[in-house]
Amino acid sequence: MTDPGDRYDPRQVEERWYRVWESRGYFHAVPGSPKKPYAIVIPPPNVTASLHLGHALNNVLQDVLVRWKRMEGWNVLWQPGTDHAGIATQNVVERQLAAEGTTKAALGREAFVERVWRWREESGGTIIRQLKRLGCSCDWTRERFTMDPGLSAAVREVFVRLWEEGLIYQGDYIVNWCPRCQTAISDLEVEYEERDAHLYYIKYGPLTLATVRPETKLGDTALAVHPRDKRYAKYVGQTLTVRSVDGEIALKVIADTAVDPKFGTGVVKVTPAHDAADFEIGRRHGLEVRQVIGGDGKMNALAGKYAGLDRFEARQRIVSDLETLGLIERIEPYRHRIGVCYRCWTVVEPLVSTQWYVRTRPLAEPAIKAVREGKIRIVPRGWTRTYFSWMEGIRDWCISRQIWWGHRIPVWHCDACGILIVSREDPAQCDQCGGPLRQETDVLDTWFSSALWPFSTLGWPEDTPELRTFYPTACLVTGFDILFFWVARMIMMGLRFMGDVPFRDVYIHALVRDMEGKKMSKSRGNVIDPLEVMDRFGTDALRFTLAALAAQGRDIRLSEERIEGYRNFANKLWNAARFVLTNLDGYAPAGAKDVALSLPDRWIRSRLARTVTAVKKGLQAYRFNDAAGAIYQFLWHEFCDWYVECSKLALYRGEDPLARALTQKVLVETLEVTLRLLHPFMPFITEEIWQRLPKGKKSPESIMIADFPRVPRAARDPGAEAEMELLMAVVGAIRNIRGEMGIPPLRPLTAVVRPTETQAAALRANQPLVEALARIRLSVDPGARRPHSSAMALVAGMECFVLLEGVVDLAAEARRLTKELGKAEEALRFVEEKLSRQEFRARAPAEVVEREIERRDELIQTVRRLGESLERVRATQN
RNA sequence: AGGCACGUAGCUCAGUGGGAGAGCGCUUGCUUGACACGCAAGAGGUCGGCGGUUCAAAACCGCCCGUGCCUACCA
């Protein structure tokens with residue numbers, strides 16, 4: 001065959017194979033299949049998204065699972081799709097409008113929504129194309145979008161049912177309001193940032209209090225102290241008239257336990273309209289809610305002379321006015337955490353407004369139970385506690401958003417008779433009075449529709465074969481950052497509407513960070529772009545890197561060097577394959593029976609069997625790094641480093657045609673099985689090589705649909721492993737002497753070993769192998785005496801002399817022996833100390849004591865022999 | 001403030017009770033019958049500190065120091 005070149009070039013390969021797989025329908029799942037179902041729903045990326053490393057990790061892990069299960073013979077569905085991402089998407093289109101010099105208000109609601117749809121048609125497919133580039137084997141024929149008609153119907157159905165069951169209500173509460181996005185956001189959508197600010201001590205009549213937000217004083221409707229604070233007890237219940245920037249105002253002093261007497265002066269101003277804590281205090285005491293800041297973040301008419309000022313500008317002005325009036329006692333620097341919008345980083349303004357809520361308690365209870373009873377398994381376990389603690393303290397979910405892009409709340413108001421209609425179908429007129437209806441303008445929180453994803457994508461509320469086959473799904477793979485946003489809510493909704501959990505396992509992976517452990521972000525400029533990585537190192541290298549780093553920690557620190565290392569691994573595989581493929585002349589797979597397998601043959605088969613087991617175990621436990629590591633170690637350090645080297649003997653120097661044929665067979669088989677083992681991690685290169693391998697008639701047309709390797713029991717061969725280890729140790733010892741003594745690798749040397757009888761048999765049987773690997777002439781002689789001018793090493797109690805006639809450097813050998821002796825002596829001291837303790841002998845398990853005794857005896861021999869050698873070298877030296 | 005992680009080789013990290021590991025980096029030597037994106041050899045560690053449990057601790061427990069994250073109505 002033609003030599004494919006010694007550098008693997010992924011670009012030649014990836015796109016081509018992906019097209020083949022997709023066009024042949026390998027990704028497609030069929031509900032009626034007799035195979036066992038295995039389904040994963042993709043965490044839908046935002047339709048605005050462009051692939052970042054977080055997506056890459058998340059989807060690579062899913063693809064590994066899905067490809068593995070498919071090869072194991074399951075009926076696999078990987079359900080893909082995207083999320084309409086209300087606020088994010090609206091922002092994107094708004095920015096475009098701004099660039100065109102217009103606004104969404106100018107366009108009007110209908111035209112704006114249409115515009116967003118158009119944007120989605122044109123640019124919304126980016127992330128999907130990028131997932132394909134990653135090799136994701138999703139069933140693209142089933143791609144869904146949260147705003148699809150079917151999924152929208154599911155949203156309505158859920159809303160209406162929750163309403164009918166009394167689990168949705170409307171109310172005036174304080175919410176986190178983003179003045180830039182002009183919408184309410186949920187508690188979860190607020191992020192907190194440490195910022196430097198000031199604590200202003202302001203005089204309120206006879207009292208002084210501390211605040212960081214003087215601008216809200218215009219909305220104060222009370223002063224509060226702790227009920228047990230003796231300093232202020234006399235004021236409680238009084239109404240104080242205090243001088244302020246807007247003249248004199250009357251404020252009642254109330255007592256509430258929410259006040260911390262140790263903070264500041266122990267007195268707080270209460271502004272129910274602009275602070276969540278104050279709002280609660282206000283409700284308890286029936287205080288007036290006096291809103292002075294509008295939804296745009298500017299002071300409103302109630303702010304009097306400050307009306308129209310931005311809230312932060314107003315703060316400056318009010319402080320300076322207070323100073324003029326002599327009402328500022330002092331100002332302290334103060335560092336505190338401030339809530340910002342997670343989408344645009346604008347400081348959140350708590351505002352009282354009318355919003356829609358889901359009553360979460362009744363939904364949370366079964367969701368807690370499902371995890372507690374093991375119906376859902378969270379991996380790693382540690383996250384279970386986090387889940388419980390959040391679910392147990394869950395608060396009602398604000399689901400209304402004052403934006404235009406999303407599922408409009410299916411509620412209609414009749415202004416004529418004042419009733420509310422909640423309906424699955426758009427009503428034409430009021431069913432009570434026949435009057436005209438006005439639909440609620442708010443849309444639902446994007447997470448409301450994502451919460452239905454595991455069943456809405458499968459066709460719910462229709463009863464579909466997909467739902468019957470694939471629900472509950474097998475596994476959800478996600479990052480911990482959306483455990484509450486999404487995972488918890490899916491569990492609640494799944495239990496409520498499907499009567500069963502949405503998935504059996506939740507695998508929570510780490511977050512990808514940069515080398516400093518920072519979250520990657522464009523503003524920090526520390527992003528590694530996965531697309532660029534794929535261009536430079538290949539998709540398989542990126543995939544393998546992510547899997548190899550997916551240990552169950554909290555974060556993954558990714559560096560380019562690491563990816564480069566796995567690119568090298570791909571190249572190593574490529575060259576191992578070249579070696580195998582270019583050495584197959586005369587290969588006849590059927591011809592060679594396994595009757596005369598060599599030691600390396602038996603050894604590599606045994607090692608491969610162990611590797612298969614380790615990979616399966618790793619995948620089953622979601623320990624992707626263990627699985628990837630096992631393949632890496634086997635392929636590079638066992639197959640390439642040893643078996644391939646051993647095979648050269650039979651291929652090039654042996655005279656036995658049967659041995660040669662068997663070696664070819666084992667080379668091909670080992671490579672072939674390894675490729676299948678590796679395919680879920682590195683789909684492209686494995687397919688490319690696999691296709692070039694000689695195959696039997698029954699072989700499938702793609703590695704993707706081949707069987708995942710099974711372990712033949714008979715392949716395990718501990719005897720062969722032990723024997724091979726002995727040979728490798730002898731080779732290692734000789735190479736060590738060569739290296740340490742500075743003898744060039746090609747210089748011919750002679751070695752004499754003095755083995756026990758069993759060792760002698762193994763060595764004699766494989767003498768040419770040892771000679772070839774160590775580049776040495778070997779003499780195996782149980783009665784050998786130490787040759788003059790030789791270096792000595794101990795291997796499994798066996799002395800191994802390397803003759804250094806003419807090349808001997810006594811000083812170097814003395815140095816080497818001293819080093820070895822030192823190590824052995826230290827180990828011996830350690831073991832003897834352990835054995836000398838009575839308690840150890842009395843209380844440790846017998847086999848542990850036994851092992852230590854054995855070890856001690858070996859070490860004694862080692863020390864004695866090394867000592868003798870050293871003495872002799874020194875004697876010769878002098 | 002509370003909670004949860006983490007601290008192991010120069011760097012990034014595996015390692016859940018009995019002989020300290022990997023990848024990268026570093027040193028030395030090599031155009032070895034596939035691979036310099038390679039081969040061979042090697043150096044490098046008080047497993048954050050202190051105390052406890054145990055015959056035995058990097059691992060289990062406690063405290064301390066450091067780092068990160070999450071949750072919370074401290075103005």
Side-chain angles (χ1 to χ4, degrees), chain A residues 3 6-8 174 187 192 199 209-213 216 224 258-260 262-265 267-271 275-281 334 336-337 350 382-383 385-386 389-390 393 480-481 483-484 511 513 515 517-519 537 541 545 548-549 551-559 561-562 564-583 623 625-626 629 632-633 637 640-641 644-645 648 651-653 732 735-746 775 819 827 830-831 834 837-845 847-849 851-852 855:
Chain A
D3 189 333
D6 65 5
R7 286 279 169 93
Y8 170 63
I174 196 152
D187 295 338
Y192 291 88
L199 198 53
L209 57 84
T211 179
V212 290
R213 300 198 63 193
T216 62
V259 181
D260 177 0
K262 289 191 287 293
F263 185 89
T265 58
V267 185
V268 288
K269 60 194 219 46
V270 184
T271 321
D275 183 283
D278 291 4
F279 182 77
E280 293 299 323
I281 295 176
Y334 186 61
H336 71 145
R337 295 181 81 203
W383 291 108
R385 291 180 56 160
T386 311
S389 69
W390 188 72
F480 58 82
D481 50 336
L483 184 61
F484 309 136
L511 256 36
R513 296 174 195 277
M515 286 303 289
K518 300 263 167 45
K519 227 168 165 169
F537 300 111
T545 306
L549 290 177
Q552 298 181 345
R554 280 223 166 191
D555 49 52
I556 290 176
R557 296 185 186 210
L558 190 67
S559 69
E561 290 76 35
R562 197 77 191 232
E564 196 181 341
Y566 291 116
R567 184 274 315 265
N568 296 351
F569 175 64
N571 198 54
K572 186 75 180 174
L573 168 60
W574 183 250
N575 280 290
R578 278 179 70 219
F579 174 81
V580 174
L581 290 168
T582 49
N583 282 292
R623 299 184 60 101
N625 58 317
D626 285 354
Y632 183 98
Q633 166 68 22
H637 297 302
C640 290
D641 286 356
V644 164
E645 292 308 316
K648 289 175 181 172
L651 291 175
Y652 304 141
R653 257 164 286 169
R735 283 174 177 172
N736 173 272
I737 287 170
R738 228 188 244 278
E740 296 268 294
M741 309 282 289
I743 304 165
L746 289 180
R775 296 177 181 280
K819 195 170 83 182
F830 182 77
V831 178
K834 191 185 256 188
R837 285 196 311 267
Q838 263 322 308
E839 307 95 305
F840 174 70
R841 287 176 173 271
R843 312 186 77 148
E847 73 260 23
V848 173
V849 177
R851 201 163 58 231
E852 294 297 322
R855 218 175 126 223

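Reminder, nothing fancy here: chain letters follow the sequence lines and each chain counts from 1.
For A:Asp260, there are no side chain to side chain donor-acceptor pair (under 3.5 Å) partners two or more places apart in sequence or in a different chain.
Comparing the P positions of B:A58 and B:G49 gives an interatomic distance of 11 Å, to the nearest angstrom. Separating the C1' atom of B:G42 from that of B:G51 is a span of 39 Å, rounded to the nearest Å. Between the C1' atoms of B:C60 and B:G44, the separation comes to 30 Å (whole Å). Remark: the separation of the C1' atoms in B:A14 and B:U8 is 10 Å, to the nearest Å. To the nearest whole angstrom, the two P atoms, one in B:C6 and one in B:G45, are 26 Å apart. When the P atom is used for both B:G17 and B:C11, the distance is 28 Å, rounded to whole Å. Taking atom C1' in both B:C70 and B:A22, the straight-line distance is 31 Å, to the nearest Å.
Around the CZ atom of A:Phe830, the shell of radius 6.0 Å holds no more than 12 heavy atoms that belong to other residues, nucleotides or ligands.
Residue A:Lys819 places none of its side-chain N or O atoms closer than 4.0 Å to OP1 or OP2 of B:G42.
Of the candidate nucleotides B:C35, B:A14, B:A72, B:A72 has the atom lying nearest to any side-chain atom of A:Arg337. For A:Val259, taking side-chain heavy atoms from C-beta onward, the closest of the listed nucleotides B:A75, B:G18, B:A36 is B:A75.
In terms of polar N and O atoms assigned as donor or acceptor, the side chain of A:Arg567 comes within less than 3.5 Å of the base of B:C37 in a complementary pairing.
Within the 4.0 angstrom heavy-atom criterion, no nucleotide atom of any strand lies near A:Gln838.
Stacking here means ring centres nearer than 5.5 Å and ring planes tilted less than 30 degrees, and by that measure A:Tyr652 stacks onto B:G33.
Per the geometry, OH belonging to A:Tyr566 stands 13 Å off P belonging to B:C13, to the nearest Å. Taking atom CG of A:Asp626 as the reference point, atom C1' of B:G15 lies 9 Å away to the nearest angstrom. If you measure from atom CZ of A:Arg7 to atom C1' of B:C37, you get 5 Å, rounded to the nearest angstrom.
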Sugar-phosphate or base contact per nucleotide [nucleotides 54-62 of chain B; S, B, -; heavy atom under 4.0 Å]: -B-------
Strand RNA chain B in bracket notation, Watson-Crick/G-U under 3.5 Å with | for pairs to another chain: ((((((((.[[[[.)..(..]]]].(((((.......))))).....[[[[[..)....]]]]])))))))....
